[in-house]
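To find a chain, count down the sequence lines: A is the first, B the second, and so on, and within it residues start at 1. Everything numeric here is computed off the predicted structure, so don't read it as measured data.
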Amino acid sequence: MKSAIIKKLSAISGKKSPEAAGSPEGSSKGSPEDRVARRLSLHMAMAVREIYDAIAMEKNRPVSMTPFDTLFKNFADAPEKILPTGPRKKIGIYCMAVPEELIYAAGALPVRLCAGSGDAAEAGEALFPDVSCPMVKAATGFTRTGVLPMYRECDLIIIPTTCDWKVKLGELISRHVPVMMLSVPKFKAAESSRRFWYAEIRRLMHALEKVTGKRITRKKLRAAMDMMHKAQQEFRRLQTLRMDDLSLIRGRDAAAVANAWFYMDGADWTLAARNLNEELLERKEKGIGTAPRTAPRILLTGSPVIFPNWKIPDLIENAGGTLTCDELCSSGRLLWDMACIDEPLFDDMLDALADRCLLPCTCPVFTDREDRKTRLFRMIKDYRVEGVVHHVLKGCHPYDMELRPLEAELAAAGVSQLKIETDYSPEDTEPLRTRVEAFVETLKGRRLRMGKSA
Amino acid sequence: MRVDRIRLFVQALCFVFLIYGGLTIFSIGTAIPTMACIYAENRGGSCFLYPFQRFLSMPWAMLFGSAATAFLIYLGTFFLWALVFGKTFCGWICPLGFLQDLITKIREWVGIDGSRFAWKTRDRFQWVKYALLALLILLPMGIGNSLLGLPRFTPDLAVPFCQICPGKPLIPLFEGDLSHLIIDFSSTTKLVLSSLSMLIAGLFLVGGFVKRRYICAFCPMAALLSLFDRIGFVGLKKKGEACTCCGNCFRACPMEIREIAELRDKKHMVTQDCMLCMRCIEVCPENKALTATIIGLPVFSASAEGFLKRQNKTASAGGPFHGETPALQDTATDPESASK
Ligand code: SF4
Ligand code: SF4
Ligand code: SF4
Ligand code: SF4
């Protein structure tokens with residue numbers, strides 16, 4: 001209890017706990033820690049280069065992907081350049097449930113630290129039970145080794161208590177970085193939950209003010225929310241463009257664009273996304289697509305897909321499907337839900353922010369799946385989806401728990417589905433490829449039959 | 001322009017007309033289903049409830065005899081008003097509604113946080129308006145007739161609801177008439193009723209300052225109008241499949257109607273407290289999740305594009321982050337036009 005209080009206090013003052021480990025350079029060259037770090041940095045760089053070598057061979061890729069590519073190549077070439085430079089404080093966050101507007105309003109930069117590197121997961125593995133979420137393992141791996149400096153240089157890291165892994169993640173990494181836990185109520189429908197969450201958001205606001213030393217005013221919050229809306233506008237535009245019959249962008253690239261939001265400054269991201277949207281609009285007019293019109297339209301849902309883990313999107317699209325949309329907290333859902341700026345008072349604006357982060361969220365950590373189900377059905381209709389791929393990371397219990405009932409509901413509506421249970425490692429790629437190819441073939445066959453009968 | 005700004009403007013116009021309209025030669029009658037108080041000398045139209053209670057206090061023989069035609073015409077007029085405009089009376093026309101909105105605007109302008117009913121409180125008191133409605137029908141009846149063999153009530157109970165309605169003391173104030181701000185000691189009934197009236201008028205002001213549309217939650221006129229919720233010309237429809245349950249509408253709703261956000265399988269959303277202010281549509285970011293209709297035809301629909309446009313105007317202070325976004329074509333975030 002006592003140590004919890006100390007940790008909380010240190011979190012708020014932006015200091016590390018006394019037992020904090022030294023930076024990787026500090027430890028002696030030959031220590032096991034150091035070896036793990038070097039291995040990770042080497043392997044991850046290889047993985048990133050491999051991705052970009054393959055991308056270089058692709059035809060028809062929108063050129064406006066360049067700023068995003070530059071960002072991700074930095075993971076291999078210059079990890080210290082991933083985040084924008086400047087005197088701004090950096091606030092690490094671990095989930096969509098943190099209102100980034102507040103962080104911007106406090107004059108800081110939010111950095112979403114959810115990690116997708118299989119090599120980092122290996123580096124963090126030792127601290128976890130056998131079957132556990134690769135995302136938290138990877139995050140721990142990066143934090144432990146300090147291979148990506150951003151995992152160490154955040155002035156505060158905010159972890160919402162969504163799934164059980166995140167609940168315990170805070171304690172694990174607080175050796176290295178100042179952590180603040182944000183308690184998420186799991187039963188959204190109750191008034192008490194909402195009031196509790198409103199209070200948590202206010203606690204967060206005070207913590208941010210303390211760390212940054214700046215007061216969050218109504219005007220600043222308004223500006224931040226407005227900035228967010230601009231980004232959300234481009235985000236929605238991109239998602240709407242993808243509803244077109246022609247696949248204008250690969251699903252992997254669309255995921256990358258969303259992922260880039262994790263690390264870029266909001267306004268810069270909006271600019272880059274706007275350019276991309278303009279280009280996609282042009283391509284739409286010219287009829288340039290990234291997949292033939294015969295490619296079955298696929299929706300990806302389930303556990304997050306985070307760079308460099310492009311395994312699933314690539315499998316789908318290399319098998320001849322087109323990933324038209326996804327319902328993932330790392331991409332398709334990331335910037336969708338919008339808060340109201342025109343609430344009359346500061347207090348109401350905070351409530352609006354809190355609501356945005358909690359109520360429309362379709363994460364399976366909440367008690368019922370009604371919202372997720374509605375969203376999936378709506379996406380299936382809007383994007384004219386032919387097949388749904390469920391992505392379950394091994395150890396991601398919430399998505400796993402929701403899978404069976406959800407599958408049954410979708411099946412009852414006649415939706416073809418494929419369930420993929422995997423982790424970040426490339427080991428199972430070949431068997432998965434066979435399954436995904438078979439799935440895409442079935443969808444193609446179905447389309448032919450439907451076309452004939454029509 | 002924000003819907004609630006337009007609304008405030010319309011409300012102000014209606015207020016002026018309803019309170020001072022009589023100074024011109026216009027009047028739109030005495031069967032208006034809204035709290036345009038009959039105690040205001042120069043009114044341009046007046047509240048249905050006063051004559052209604054008067055009619056009901058007639059002895060049966062008279063009500064169903066010599067006064068029957070008049071009563072029927074009167075009810076028919078009310079019916080038409082209510083059918084055509086329904087709850088828009090509450091959102092856009094009612095002087096008491098306007099006064100409450102004005103008080104709220106003042107509070108917001110001063111920067112004092114408002115408060116909301118706890119969900120339980122709101123749910124628990126929903127019967128009050130129906131009880132008041134029943135009383136304002138039964139009590140007058142008991143004056144002209146003997147109900148169930150009871151002795152006839154004292155005529156001091158005449159127009160019982162008007163005697164406690166906040167309209168009576170407050171609305172005449174706008175014509176400089178302070179005469180209803182009194183406690184009447186002439187009989188016990190009058191003493192009780194007039195004290196209640198002062199209390200309720202006070203509640204109107206204080207409650208209205210603390211919480212949006214405080215009195216409306218208990219208003220029998222709303223109970224009466226809600227009989228027309230389903231059949232009225234003006235409707236509010238929800239498309240559940242588009243709703244993300246984001247709660248924007250619930251938070252913005254001045255009547256704190258939870259159902260608007262939480263019910264996905266209900267199509268008609270004019271609920272018993274709804275005043276058709278359309279604020280919920282304005283703040284809904286999902287295409288066509290909410291739609292206002294007139295005789296079934298859509299007139300105002302929620303859309304991501306419209307949401308962003310309106311919000312952008314509100315935030316037009318600009319802020320340090322960004323220049324202006326170029327205006328997008330309306331189709332940019334609309335799935336239906338995108339697929340074409
Ligand atoms: S006192 Fe109230 S109920 Fe009576 S006429 Fe006036 S506004 Fe209507
Ligand atoms: S509910 Fe409010 S707006 Fe409607 S008639 Fe009553 S006082 Fe007026
Ligand atoms: S439900 Fe909508 S229209 Fe009805 S009162 Fe609430 S905000 Fe106004
Ligand atoms: S604002 Fe729209 S999307 Fe949000 S809960 Fe209300 S109706 Fe649903």
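Heavy atoms only, all atoms of each residue included: A:L345 and B:I112 are closest at CD1-O, 3.2 Å. Between A:C340 and B:F307, the shortest heavy-atom distance links the atoms SG-CE1, 4.1 Å. Annotation for A:R236 and B:P285: closest pair NH1-O, 3.1 Å, computed over non-hydrogen atoms.
Rounding to the nearest 0.5 Å gives a distance of 12.5 Å between CZ of B:F117 and CD of A:E191. Annotation: the span from B:N287 atom CG to A:T240 atom OG1 amounts to 7.5 Å, rounded to 0.5 Å.
Atom NZ of B:K105 is surrounded by more than 12 heavy atoms from other residues, nucleotides or ligands within 6.0 Å. The environment of B:W119 atom CH2 is dense: over 12 non-hydrogen atoms of other residues, nucleotides or ligands sit within 6.0 angstrom.
Top candidate by heavy-atom pairs under 4.5 Å with chain A, chosen from B:G240, B:G114, B:A118, B:G111, is B:A118. Your options are A:R356, A:M225, A:H229, A:R218, and the one with the most heavy-atom pairs under 4.5 Å with chain B is A:H229. Interface remark: of the candidates A:T362, A:D351, A:L359, A:L359 forms the most heavy-atom pairs closer than 4.5 Å to chain B.
Not a single donor-acceptor pair under 3.5 Å links the side chain of B:E108 to the backbone N or O of A:P344. Between the side chain of A:R378 and the main chain of B:A242, a donor-acceptor pair closer than 3.5 Å is present.
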CA sep, side-chain torsions, deciding dist, call: A:E343, B:V283, side-chain contact (heavy atoms from CB on, under 4.5 Å): CA-CA 10 Å; A:E343 297 287 345; B:V283 295; 5.8 Å; no
Intermediate values then yes/no, side-chain contact (heavy atoms from CB on, under 4.5 Å), A:D337 and B:E286: CA-CA 9 Å; A:D337 299 305; B:E286 299 302 324; 4.3 Å; yes
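Of the atoms belonging to A:R242, not a single heavy atom falls under 4.5 Å from chain B. For chain B, no part of A:A231 is nearby; none of its heavy atoms comes within less than 4.5 Å. Heavy atoms closer than 4.5 Å to chain A are found nowhere in B:A261, neither backbone nor side chain.
Inspection of non-hydrogen atoms places B:F250, B:R251 of residues 249-260 of chain B under 4.5 Å from chain A. Interface residues of residues 364-375 of chain A toward chain B, defined by a heavy-atom distance below 4.5 Å and sorted by number: A:E370, A:D371, A:T374, A:R375.
Counting heavy atoms from C-beta outward, B:Q311 and A:M338 have side chains that stay 4.5 Å or more apart. When side chains are defined from C-beta on, A:D342 counts as touching B:R279, because their heavy atoms get closer than 4.5 Å.
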